Amino acid sequence: MNQYESTARARHLTAILEEAVGERVGTDLADRIAQRLTATPPRPSWRPFLIAACMVAGAAVVFAVATQPPNAREKAAAGSSVVGAQDPVRAAQDPVVAAPVITLSLQRVQESGDPAAPPRSRVVWRIGEKELQTIEALRTELARLAKDPSLRRPDPEHAGRSEPPRLVIQPAVGTQWNDLVAATDAAIAAPFTDIRFAGVDTTWLVPKAVAPAGDGLVLPKAEFSEPDDDPHAARPTINLFADGRIEYRGEVWFRPDAKNRDDLESVARHLRALRAELVTKGLLDEQHDAVRAGLRVPILVRVDVGTEWSHVQRLLRMATAKDVGFWKIEFAVAEPSRPK
């Protein structure tokens with residue numbers, strides 16, 4: 001299990017998690033976290049970030065974001081149905097416990113305005129029948145759901161404690177990567193600790209704060225992220241640009257055009273070759289789970305802010321496919337600007 005030296009961000013996240021795990025979540029959560037951080041002197045720490053679907057970034061999401069392989073409950077629940085938009089919270093049949101699941105849907109809608117001006121769109125978030133028009137409203141609603149006692153579930157790691165329900169983020173067609181990262185960031189702040197992306201077969205989705213690479217790719221900003229101070233020496237990095245182009249170490253794996261927009265077989269071949277290379281380095285975990293062997297090394301994906309979710313989803317699906325085997329997905333983010 002990789003662990004990362006903490007920073008101010010890590011202390012912020014630790015405080016949030018302690019509030020949740022310690023069963024002290026209340027309406028004054030933010031104020032108490034701020035007080036705790038003020039009273040806590042900076043110190044190095046080797047605490048893993050989010051557990052089970054959010055091990056990430058200061059909490060990584062799992063965006064789901066987890067710092068350890070899926071445990072028995074996570075593996076058993078992998079096939080649980082996602083709650084539909086008309087039924088946001090429902091008891092999913094889990095062999096271990098009836099686990100509540102919340103689905104957060106994202107959609108871009110066109111804004112009316114000057115017909116002569118370029119078209120503009122904005123994000124609308126939906127949880128069941130509730131439509132949320134601003135990111136602030138989303139944060140408030142997620143915080144309410146995370147601490148709702150009727151939705152919390154037993155914590156399998158700590159007897160007598162409970163944790164927030166699982167959150168599945170379900171972007172609609174046309175949603176951009178930046179929209180998904182913002183929703184994940186809001187979920188981590190709530191705080192949810194089991195966050196998943198619809199259609200992506202992994203519970204480890206970790207936001208990593210990385211420096212710009214000067215290649216024209218613009219990273220989304222996130223408040224909560226794990227510092228990328230000690231990456232695995234064999235960790236591969238894949239770039240996904242807003243136009244759908246996929247690059248690895250300067251080599252173009254895929255460039256969409258009118259003829260091959262959806263033909264990603266070349267990318268699948270490259271990923272299988274990458275797996276073979278990592279297997280020769282002894283990085284295959286035969287005991288990853290009962291169904292497939294998984295690679296012990298994570299993969300870092302750098303995705304441009306304006307990339308459509310459909311491009312991101314299909315890349316993550318290929319990376320986590322059985323014949324490739326990445327289950328530790330780290331995604332690059334930038335830290336928000338701080339007032340001086």
Side-chain angles (χ1 to χ4, degrees), residues 56-57 60-63 65 106-110 118-123 125 135 169-188 195 197-200 202 205-228 231 235-258 260-264 266-268 270-271 274 298-320 326 328-337:
V56 69
V61 327
V62 11
F63 167 175
V65 184
L106 317 181
Q107 184 176 13
R108 278 201 163 265
V109 298
Q110 294 298 318
R120 299 178 58 183
S121 64
R122 60 184 176 84
V123 181
W125 300 268
I135 190 68
I169 301 178
Q170 191 169 40
V173 174
T175 306
Q176 299 176 352
W177 176 240
N178 191 51
D179 305 331
L180 188 65
V181 172
T184 301
D185 208 42
I188 295 171
I195 307 171
F197 296 163
V200 177
T202 180
L205 295 161
V206 181
K208 285 282 186 173
V210 303
D215 53 7
L217 189 153
V218 180
L219 298 176
K221 294 180 179 180
E223 181 72 24
F224 299 105
S225 61
E226 181 75 12
D228 197 35
R235 182 189 70 181
T237 298
I238 293 181
N239 292 336
L240 175 56
F241 293 83
D243 63 359
R245 185 171 81 256
I246 299 174
E247 294 184 359
Y248 176 69
R249 292 181 177 175
E251 177 185 1
V252 177
W253 279 8
F254 175 72
R255 188 188 301 275
D257 57 34
N260 74 341
R261 179 174 175 80
D262 298 313
D263 182 10
L264 275 73
S266 62
V267 178
H270 282 298
L271 286 170
L274 182 55
I299 186 169
L300 177 70
V301 291
R302 299 177 67 252
V303 182
D304 189 89
V305 291
T307 306
E308 288 188 13
W309 162 242
S310 58
H311 293 315
V312 184
Q313 184 184 49
R314 64 188 184 181
L315 175 60
L316 297 184
R317 281 177 168 172
M318 287 189 291
T320 56
F326 287 104
K328 300 178 179 181
I329 304 295
E330 298 175 345
F331 57 94
V333 299
E335 295 181 299
S337 301

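These values consider heavy atoms only, across backbone and side chains, with no hydrogens, waters or symmetry-generated copies. Keep in mind that this is a model prediction, so the values were computed, not measured.
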Would R235 and D228 count as a side chain to side chain contact (heavy atoms under 4.5 Å, CB included) if you check the C-alpha gap in whole Å, the side-chain angles of each, and the deciding distance to 0.1 Å? CA-CA 12 Å; R235 182 189 70 181; D228 197 35; 2.9 Å; yes

Minimal heavy-atom distance between R108 and G174, with the atoms involved, is CD-O, 3.8 Å

Margin query: Students often mix this up, so state it plainly: with edges at 30° and 60°, are the rings of W177 and F197 parallel, tilted or perpendicular?
Written below: perpendicular

Test side-chain contact (heavy atoms from CB on, under 4.5 Å), reference P171, set L180, D179, V312, output is L180

Distance col, row K208:NZ vs E226:CD, nearest 0.5 angstrom, shows 4.5 Å

**OP:** Quick one: do K328 and T202 satisfy side chain to side chain contact (heavy atoms under 4.5 Å, CB included)? Show the steps, please.
**Re:** CA-CA 7 Å; K328 300 178 179 181; T202 180; over 6 Å; no

If only atom types and distance count, is the side chain of N178 paired as donor or acceptor with the main-chain N or O of G306 below 3.5 Å?
no

In terms of heavy-atom contacts, V210 and A332 come closest through CG2-CB, 3.4 Å

Rounding to 0.5 Å, atoms OG (S266) and CZ (R255) come to a distance of 11.5 Å

Scanning both residues in full, the closest heavy-atom pair of W125 with A183 reads NE1-CB, 4.3 Å

Looking only at heavy atoms, the pair that brings L315 and V267 closest together is CD1-CG1, 4.4 Å

Query - Intermediate values then yes/no, side chain to side chain contact (heavy atoms under 4.5 Å, CB included), W309 and L106 - result: CA-CA 10 Å; W309 162 242; L106 317 181; over 6 Å; no

Contacts of S310 meeting side-chain contact (heavy atoms from CB on, under 4.5 Å) (sequence neighbours excluded), chain-then-number -> E308

Practice item. State, yes or no, whether a side-chain contact exists between T175 and V123 at a heavy-atom distance under 4.5 Å. Key: no

Here the gap from L240 atom CG to W253 atom CH2, rounded to the nearest 0.5 Å, amounts to 12.0 Å

So CG of L300 and CZ of F326: to nearest 0.5 Å the spacing works out to 11.0 Å

Here the gap from Q313 atom CD to M318 atom CE, rounded to the nearest 0.5 Å, amounts to 11.0 Å

Hits for side-chain contact (heavy atoms from CB on, under 4.5 Å) against D263, two or more places apart or cross-chain, chain-then-number order -> N260, E265

Determine yes or no for a side-chain-to-main-chain donor-acceptor pair under 3.5 angstrom, with R317 supplying the side chain and G199 the backbone. yes

For T320 and L316, the nearest pair of non-hydrogen atoms, with its separation, is OG1-O, 2.8 Å

Test side-chain contact (heavy atoms from CB on, under 4.5 Å), reference E223, set D185, I188, V333, output is D185

Determine whether R302 and L219 make a side-chain contact, defined as any pair of heavy atoms from C-beta on separated by less than 4.5 Å. yes

d(I246 CD1, L264 CG) to nearest 0.5 Å is 5.0 Å

Between A319 and I329, the two heavy atoms sitting closest are CB-CD1, 4.4 Å

Review point. Is it true that a side-chain atom of E330 and a backbone atom of T237 form a donor plus acceptor pair closer than 3.5 Å?
Key: no

